[in-house]
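Okay, structure first, notes after.
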Amino acid sequence: MHFGKSHLEDKREDLRSHYGKIEKTAGVTALRIAFCLLLVVLVCGAGLVIGAVRGVIDSAPDISEANIMPLGNASFIYDADGNQVQKLTGAQGNRVSISIEEIPLDMQHAIVAVEDARFYEHNGIDPSGIIRAFVVGVSHGFHFTEGASTITQQLLKNNVFTDWMEETRMQSFKRKIQEQYLALKLEKTLTAEGENAKDVILENYLNTINLGSGCYGVQTAAQTYFGKDAKDLTLSECAVLAAIPKAPTAYNPKNHPEKNQQRRDKILNNMKEQGYITEEEYTIAMNDNVYDRIAMHTQSQAESAPYSYFIDEVITNLINDLMVQKGYTEVQAKNVVYSGGLKIYTTQDSYMQSILDTEFQNPENFPANTQIGLDWALTVEQADGEVQNYSKEMLQLYFRNSDPNFDLLFDSQEEAQSYIDQYKAAIMQEGDTIVAERSSFTPQPQACMTVMDQRTGYVKAIVGGRGEKTASLTFNRATDNYSQPGSTFKILSAYGPALDLGKITLATVIKDEPFNYSDGTPLQNSDLTYHGDVTVRQAIINSINIPAVKVLTELTPKVGFDYLKKLGFSKLSEEYDVIQPLALGGITYGVSDLELTAAYAAIADGGQYRKPVFYTKVTDSKGNVLIDNTENKATQVFKASTASLLTNVMEDVLEKGTGVAARLDNMHAAGKTGTTNEAKDLVFAGFTPYYTAAIWATYDTHAEFPESDREFHKRLWAKVMNEIHEALPIWISKLPQQYRRQRSVRRPACSPAQAARPSPNTLRYPICRPSVARATTPRRPQHRRRPEPLLQHQLRRQPRHRRRHRRKLRLRPKHLPIRLLIHRRLLTHQRLLTHRRRLMHRQNRIPRRRYRKYSRSPKRAALPNNFFSQVYAQKTGPLAYASRTGFSILLFPSESISQSAFLLRRRYQHRFQGKRVRSGYLCMR
């Protein structure tokens with residue numbers, strides 16, 4: 001440094017210089033400007049940040065509209081008695097939501113201890129948790145691995161921000177801001193509404209979380225892993241479930257018990273440190289060998305069985321109805337069915353369904369020479385990358401080169417597999433890879449059956465094939481298979497419409513003679529003979545073809561076609577099916593077993609057609625009715641008188657016609673058989689006063705049934721219907737309603753399980769009586785009526801001793817009921833005979849002289865027991881009994897004989913022909 005005089009003078013001169021002052025002032029000014037600019041930038045940046053945050057918050061969902069409840073819940077299907085028969089689940093829909101009261105405290109505390117320790121202290125977000133996560137992330141080199149979200153924020157993320165798995169980094173940042181804002185607002189809103197915010201949030205969270213193995217929510221997880229409800233979980237089991245949500249696959253207790261145990265131990269330790277459990281409870285839980293129980297329960301669990309044929313149809317019909325009635329797309333409808341938390345109430349009678357399932361799995365009900373049918377497909381990727389598909393038809397063509405009769409029917413499954421192996425060896429080349437292969441072995445012949453209640457249209461049971469059902473929503477032969485119905489169409493397309501329009505009667509005579517269709521094609525009967533003059537009744541009973549075609553030709557095929565459309569046959573073609581063969585079931589696309597059942601149900605219900613219904617009502621997760629099928633409206637297709645005539649003649653089909661093999665042991669029945677050309681399809685449709693059923697038998701390969709195997713389907717129909725009607729009383733169906741009286745009949749005692757089974761809605765008393773109580777009918781006052789002149793005149797013409805006995809019966813009505821054994825053939829002689837002398841004297845107290853009067857018959861010795869019908873009558877009023885042979889009996893005390901006979905003759909003379917009045921009963925046909 002220089003401290004000389006000259007140097008100091010220079011310094012002094014510089015300080016006094018004007019330029020120096022300017023430089024200093026400029027520097028200070030620049031500094032001030034820079035500071036001001038910095039402030040402006042900071043203010044603007046803060047404003048932008050605040051504005052951006054404000055915009056993010058403003059775009060957040062409104063908390064009043066945000067649904068914090070789980071988005072998917074399992075749906076349940078119930079039978080007609082309200083019993084659960086099936087659980088439906090979809091992706092993220094295997095969930096059963098329960099209330100917070102049903103979730104044990106240990107489960108609540110376990111999830112809080114590991115996920116959000118200050119859950120009961122903060123108001124939706126945890127600032128200390130955010131700071132902790134930030135510090136840990138910075139200390140680990142800005143790797144933020146520790147979360148700071150609260151249970152409230154996680155609930156919002158899962159149920160409000162459902163697309164968080166596909167977010168970008170910027171979208172994730174935006175969502176977290178909205179989560180924190182909504183978390184604060186949610187708890188504030190719930191508290192303002194007077195609810196316990198923490199309980200509401202925790203309930204929905206525990207019903208939402210993924211707990212591995214396809215389980216969502218603690219209730220489903222408890223049933224899956226431990227086979228119990230959530231409310232019954234122990235402390236150790238609660239800790240096991242609480243360990244899963246962090247990584248449902250890695251911490252799955254079935255697949256990775258060691259990892260789950262490590263986290264479970266941590267949870268139990270947290271619970272002890274946070275004061276939720278005591279040291280003793282902690283020790284017991286730590287020593288609990290819970291993973292052995294999980295392994296044992298998993299092994300005991302059977303693989304989920306495929307849906308039944310009935311459930312398949314319920315799902316298919318419901319999805320279609322949601323699309324048609326509610327305007328859903330197919331995807332939306334399926335999501336609602338499988339994950340909408342629906343309750344679906346079906347028409348299925350589980351007792352009847354079990355009968356069908358059992359009988360169709362019984363090989364004794366089918367021909368002895370049962371074979372195995374093959375359904376096979378193969379996909380191969382060849383060495384050059386080309387993908388080639390092979391089918392069972394290609395396999396059949398390959399083997400037909402050496403065996404023209406090869407038909408995909410085998411004596412055993414092993415034989416079928418050997419042909420598959422041979423074909424694969426022939427088509428596979430070196431380097432080829434099998435991508436997929438499917439093979440199914442089904443017993444042949446196949447059969448299907450549908451049972452429905454004709455008064456409601458409710459389908460009670462259905463089976464779509466025999467053999468094991470290996471998958472859900474598979475081919476159902478009762479609803480998906482459309483084939484020609486054969487002679488069952490004679491009733492629906494020809495005779496029914498002609499009777500309805502008054503063109504014919506059952507007594508109309510038609511000449512069975514050589515006949516050609518309008519195009520010149522000759523028509524033959526199934527027995528290849530002609531029968532000359534036959535009545536319509538005889539033609540139906542013996543299923544003669546030519547009279548049926550003649551009737552339809554006279555009526556015109558268009559009329560028969562229109563009746564069939566009214567009966568619900570969906571695939572009839574106006575272009576191809578308005579032809580004469582329509583009378584014999586000769587149609588282009590065929591009909592299904594379900595459609596045929598519904599059509600015959602219309603005849604059984606007085607000519608009223610009802611669409612088949614598989615479910616009555618569907619409610620959503622909140623109990624609101626989504627679809628209501630309870631009122632199944634009917635369409636009048638045939639007149640009631642026409643339906644009655646058809647029923648009468650079809651009863652004779654079972655008594656002495658082509659349907660004898662389908663005759664029932666314990667119930668009146670009517671029906672019609674059907675066989676297609678070359679006996680490739682065997683059909684029988686029939687009904688009782690309770691139910692209508694149709695059965696269909698065929699080979700999947702369309703092979704011909706041998707002559708010896710063409711009756712088994714009728715026997716199977718009868719066996720099923722006999723079991724269904726085993727405990728049902730005989731239905732009085734041929735007489736007017738005012739003559740159908742409830743009877744006090746001592747029914748056989750039944751077990752408690754049978755007594756608990758509800759009787760059909762149509763019955764007015766139980767199917768069987770309890771073993772202790774006895775059903776009784778209250779007495780009605782006796783009203784004595786003076787006989788009318790008509791009956792007085794008849795009495796005066798009779799011998800004195802007959803009038804005396806009539807008076808005795810009239811004075812002693814309390815001696816009724818009277819058991820009558822009626823023989824069908826003797827009714828034509830207007831004679832009523834008793835069967836056993838000792839029985840008449842001991843049980844029925846009929847005077848000996850009166851008994852002698854009826855016992856004088858040379859035909860008495862020719863009365864086999866199985867030709868008799870048992871009739872009961874109560875003390876007052878007429879009781880009608882309709883036999884399956886077509887005869888009807890009216891019984892009444894003598895006081896009401898005359899009046900009842902007069903009313904019946906006058907009002908119902910078009911239906912009955914009154915016979916002579918004898919000793920308190922009136923015989924009619």
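This is a predicted model, so every value here is computed, not measured. We number each residue from 1, following the sequence as shown.
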T208: partners by side-chain hydrogen bond (donor to acceptor under 3.5 Å, both in side chains), with sequence neighbours left out: N159
Pairing donors with acceptors under 3.5 angstrom, does anything connect the side chains of [X] and [Y]?
X	Y	result
Q348	T346	no
K259	N252	no
S350	D79	yes
N289	D292	yes
N73	S621	no
S213	Y225	yes
Q154	N158	no

Tell me every residue that passes ring pair (Phe, Tyr, Trp, His ring centres under 6.0 Å) with H109, counting only those two or more places apart in sequence or in another chain. Y276
Could you list the residues that satisfy ring pair (Phe, Tyr, Trp, His ring centres under 6.0 Å) with F226, not counting sequence neighbours? none
When you check the gap from the basic side-chain N to the acidic O, do R118 and D126 get nearer than 4.0 Å? yes
Could you give all pairs that pass the salt bridge (Lys or Arg N to Asp or Glu O under 4.0 Å) test and reach residues 195-208, with sequence neighbours left out? E187-K198
With sequence neighbours excluded, give me every ring pair (Phe, Tyr, Trp, His ring centres under 6.0 Å) pair touching residues 69-91. Y78-Y345
Sorted by chain and residue number, the side chain to side chain contact (heavy atoms under 4.5 Å, CB included) partners of K633 (sequence neighbours excluded) come out as none
